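Just so you know, these numbers come straight off a predicted model, no measurement behind them. First listed ligand is number 1; within each ligand, the first listed atom is number 1.
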Amino acid sequence: MKRRFLLSAILLPATMAFAQQYGGMWIPTELNEKEMKDLGMKISAKDIFDPSKASIKDAVVQFDGGCTAEIISPQGLLLTNHHCGYDNIQSHSTVENDLLTNGFWAKNMDGELPNPGVTVDFIADIKEVTSQILSGTDGLTGAALDAKIKQNTEAYIASQKVENYQKVSVKSMYYGNKFYAYVIETYKDVRLVGAPPSSIGKFGSDTDNWVWPRHTGDFSMFRIYADKNNKPAEYSKDNVPYKPKHFLPISIKDKQENDFTFVFGFPGRTTEYLPAIAVEKVMNETDPAMISMRDVTLKVLDEKMRTDNATRIKYASKYARIANAWKKWIGEVEGLKKSNAVGKKQEYEKSLIAKNPEIKATIDGLNKAYNEQAPYALNRAYYSELPRNAETLALASLFSSYMDAVESGKSSPKSVESFKARLAEIYKDYEGDLDAKVTAQVLALYANKSQAQFLPSGLEKFKDPNANAVTLENWSKNSIITGRGSLNGATTYSDIDKVFADQTKLIQTLKSDPLIQLWNNIKSSYVSTTHAKVTNLQTDIDALQKTFMAQQMATDKDRKFFPDANSTLRVTYGKIKGSTPRDAVSYAYKTHLAGIMEKYIPGDYEFDVPKKLINLYNSKDYGIYKDKSGDVPVNFTATNHTTGGNSGSPALDAYGNLIGLNFDRQWEGTMSDINFDPRFSRNIMVDTKYILFIVDKYADAKWLLNEMKIIK
Ligand code: ARG
Ligand code: GLU
């Protein structure tokens with residue numbers, strides 16, 4: 001078995017019928033049951049997804065529109081990542097009672113904390129509806145095609161009789177070549193049950209993010225509540241714990257390398273079927289552009305955060321957000337190079353053309369369109385990074401929209417109130433002088449890197465970051481939008497109501513604000529030189545990509561295709577495995593508690609370890625949670641093909657028992673969003689042994705363990 005996997009995954013050419021060799025995120029109604037069984041699966045595809053009877057899918061939900069979560073008890077207990085529950089944990093925190101720092105464990109159900117607005121979605125059924133959605137579209141293109149698809153989709157949804165707590169959603173797959181309908185049930189009363197302290201749930205923070213070996217206890221627990229009939233209901237104290245059709249038993253058996261495993265969840269977005277030219281542009285142009293913008297931002301923020309504790313706290317989440325994609329892109333570029341993604345794709349295109357010469361026209365069209373789009377796409381990459389890095393520019397953009405709304409009569413007292421609330425949120429974690437430095441740097445980069453045709457007039461004066469710093473600090477210091485300059489003796493930071501009380505005067509002041517003028521200048525130049533070009537060419541590319549996708553599927557008969565991720569429910573499978581990412585470097589497949597102690601830096605904001613965990617380590621009080629090495633396993637890796645959105649997804653064993661909680665991928669394999677490579681692409685999971693060890697020995701939340709079905 002092992003031998004076959006290695007051979008097919010690494011050596012055999014593109015025609016091999018081994019489905020998962022390119023990775024794969026399969027629609028649960030279209031699983032490769034035989035291959036899964038060959039790899040070790042002991043249950044059937046129907047056990048995983050069956051619309052007519054209880055199956056594993058009844059235990060897997062999309063958590064609050066982004067992450068995945070799974071049900072682990074007959075009373076609707078939900079497991080997801082700490083980073084997925086982060087906002088909710090934070091929203092229940094105060095300075096005196098900081099749940100992020102201290103962790104939180106409800107003592108019983110009465111102690112669970114409601115989270116208004118948080119939802120979980122179950123998928124009750126999936127049907128392919130391509131013929132309905134594409135009926136009458138023959139010969140149509142462009143806007144006429146889109147309109148007909150929209151009309152058919154609406155008609156299909158209207159024709160479906162579903163319960164009043166269900167809705168139907170139609171999703172395009174394979175770039176518009178196929179369509180699938182989903183019946184969705186949304187539960188709205190989701191309460192926080194428990195979370196470890198950040199020093200466990202976020203251990204290693206940004207330094208370790210995307211990195212293996214890893215030691216993060218990235219989990220938190222919630223519970224779904226329902227009305228008396230077990231149906232979705234708005235929050236009410238009369239609601240009762242949801243009784244699931246299925247919940248996942250939790251296995252704490254020792255894992256072995258090469259054990260079969262699968263991950264069930266809601267991956268967000270991948271682009272596995274792009275032409276070589278598109279991958280080349282990502283690798284050589286757009287990713288490096290976005291990385292370079294974030295490089296300078298992170299450097300400026302880091303300098304201040306290291307020396308000032310207040311800044312560190314204010315900017316922690318912002319820094320993490322900017323660093324998360326930055327680090328992934330760096331890994332992606334390296335991985336694309338290392339896996340020879342462009343070369344491989346070029347060869348593949350040649351082999352397709354050899355089988356079907358018509359494909360040449362499609363590839364030629366794509367090459368031409370991508371080359372034509374490239375300078376505009378590059379400008380878009382730089383432009384879109386400006387307000388993501390420089391909050392001062394984001395503020396300028398917000399204030400500018402506010403001015404437009406007022407002047408066009410579209411502003412209402414309600415919209416002004418919500419604008420003010422939004423500003424208060426931003427100012428809470430914003431330091432104008434620090435952001436002026438960030439703005440100075442990203443503007444200089446933008447001014448230096450923009451081709452002359454895209455450079456907004458006047459921006460050539462912003463090429464020197466040091467000169468920018470002086471100018472920006474001056475403007476920022478006196479500006480209303482940064483909360484530093486005053487109007488009528490008040491600032492937006494100190495007394496926002498007073499500033500907004502005299503709207504006429506406020507608008508007048510904003511009109512002469514150089515920061516707003518600067519942003520509007522950059523934006524209007526982008527709109528006039530780039531926006532229409534880049535989007536029109538994208539429409540052409542999308543149409544060609546649809547054809548290319550259909551041609552790949554029709555021509556490459558030996559390959560099993562899966563649709564790119566689009567936030568719908570998928571299954572991916574593989575084996576528990578370490579890796580050899582670099583010459584002479586090999587990674588074992590699991591880490592242990594001893595490794596946490598090796599990384600421990602007392603008092604550090606990333607690598608501190610809670611005292612109680614140190615005590616457990618010293619006393620070796622591991623109970624049933626150690627493996628045969630005598631230590632508690634913490635994280636492990638496997639060859640499952642996952643992406644953003646798979647956070648919180650269950651990793652299951654051959655029998656459908658929960659063995660891990662997905663939360664990340666290893667850096668060297670993040671090009672798997674574009675080009676999965678079984679040599680380097682690994683997903684990272686929290687071991688169920690560590691989760692239960694923390695719940696039991698650290699949190700002493702035995703009442704939760706009693707709900708679960710634990711397989712020893
Ligand atoms: N890299 C993971 C993801 O893409 C985890 C992010 C949260 N953790 C962090 N240290 N920022 O979402
Ligand atoms: N951390 C990611 C998430 O939040 C999962 C990691 C990945 O991109 O694979 O979904």
Sorted by chain and residue number, the side-chain hydrogen bond (donor to acceptor under 3.5 Å, both in side chains) partners of Thr642 (sequence neighbours excluded) come out as none
Any His83 heavy atom less than 4.0 Å from ligand 2: yes
Close side-chain approach of Thr119 and Asp64, heavy atoms under 4.5 Å: yes
If we only count heavy atoms from C-beta on, is the Leu569 to Val60 side-chain gap below 4.5 Å? yes
For atom 8 (O) of ligand 2, the option (of Arg682, Gln666, Arg665) bearing the nearest heavy atom: Arg665
Minimum-distance protein heavy atom relative to atom 2 (C) of ligand 2: Ser647 OG, 2.8 Å
Hey, does Thr688 have a side-chain heavy atom less than 4.5 Å from the side chain of Leu661? no
Pairs where residues 287-302 contributes a residue and the test salt bridge (Lys or Arg N to Asp or Glu O under 4.0 Å) is met, not counting sequence neighbours: Arg294-Glu385, Lys299-Glu303, Asp302-Arg306
Regarding Lys171 and the six-membered ring of Tyr180, is the cationic atom NZ or CZ under 6.0 Å from the ring centre and inside 45° of its axis? no
Among non-hydrogen protein atoms, atom 6 (C) of ligand 2 lies closest to Asp664 CA, 3.5 Å
With no hydrogens and no angle check, just 3.5 Å: does a side-chain donor-acceptor pair link Lys560 and Asn32? yes
Suppose I only count heavy atoms of Trp210 and a 4.0 Å limit; which atoms of ligand 2 are within that range? 7 (C), 8 (O)
Pairs involving residues 666-686, ordered by first then second residue, that meet ring pair (Phe, Tyr, Trp, His ring centres under 6.0 Å) (sequence neighbours left out): His641-Phe676
I'd like to check whether Cys67 has a polar contact with ligand 2, where a contact means an N/O of the residue lying under 3.5 Å from an N/O of the ligand. no
Nitrogen or oxygen contacts under 3.5 Å, ligand 1 side and protein side:
{"unit_1": "ligand 1", "atom_1": "1 (N)", "unit_2": "Asn209", "atom_2": "OD1", "d": "2.7"}
{"unit_1": "ligand 1", "atom_1": "1 (N)", "unit_2": "Asn324", "atom_2": "OD1", "d": "3.0"}
{"unit_1": "ligand 1", "atom_1": "1 (N)", "unit_2": "Asp664", "atom_2": "OD1", "d": "2.8"}
{"unit_1": "ligand 1", "atom_1": "4 (O)", "unit_2": "Asn324", "atom_2": "ND2", "d": "3.2"}
{"unit_1": "ligand 1", "atom_1": "10 (N)", "unit_2": "Ser205", "atom_2": "O", "d": "3.3"}

Steps toward side chain to side chain donor-acceptor pair (under 3.5 Å) verdict (Asp608, Ser199): CA-CA 6 Å; Asp608 201 8; Ser199 51; over 6 Å; no
